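None of the values given here were measured: they were computed from a predicted structure.
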Amino acid sequence: MRSLIEKGIDPLDDKRDRINATEEAKRTAAEKVRVESELKFETIAEKWLTHLLTENKSEGYYKTSRWAVRHYLAPQFIGKPI
């Protein structure tokens, strides 16, 4: 503490700055995780399939699309960001 005062730094300001930096790093990491999870193939595919249901597409079209996504696309892209 004495060394901070000798350098002209207020110890309370230094402590607040360190706390703010830590909190900012946590927020940034949480935001990165949130964005990455929203951009995963599974999330986008489910949103698209849900969209098909709301567009008044036939049940057969929806089932065929869901089957194609799960059997052809998902094995290649599961867990990867889009």
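- Under a 3.5 Å cut-off, the side chain of Thr28 and the backbone N or O of Glu24 do form a donor-acceptor pair.
- Note on Lys26 versus Glu23: no salt bridge recorded, every NZ/NE/NH1/NH2 to OD/OE distance being 4.0 Å or above.
- Distance CG/Leu53 to OH/Tyr62: 4.5 Å, rounded to 0.5 Å.
- Atom CD of Glu46 and atom NZ of Lys40 lie 14.0 Å apart (nearest 0.5 Å).
- Shown here is Glu55, whose CD atom has more than 12 heavy atoms of other residues, nucleotides or ligands within 6.0 Å.
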Take His51 and Thr54, measure what side chain to side chain contact (heavy atoms under 4.5 Å, CB included) needs, and give me the verdict at the end. CA-CA 5 Å; His51 176 72; Thr54 60; 4.0 Å; yes
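- Here the NZ-CG distance, from Lys15 to Asn20, works out to 12.0 Å after rounding to the nearest 0.5 Å.
- How far CZ of Arg66 is from OG1 of Thr50: 11.0 Å, rounded to the nearest 0.5 Å.
- For the atom pair Asp13 CG and Arg18 CZ, the distance stands at 11.5 Å (nearest 0.5 Å).
- When hydrophobic clusters are built by joining Ile, Leu, Val, Met, Phe, Trp and Tyr residues whose side-chain heavy atoms come closer than 4.5 Å, directly or via intermediates, Ile78 is not grouped with Ile44.
- Between Phe77 and Phe41, the angle of the ring planes lies from 30° to 60°, which puts this pair in the tilted group.
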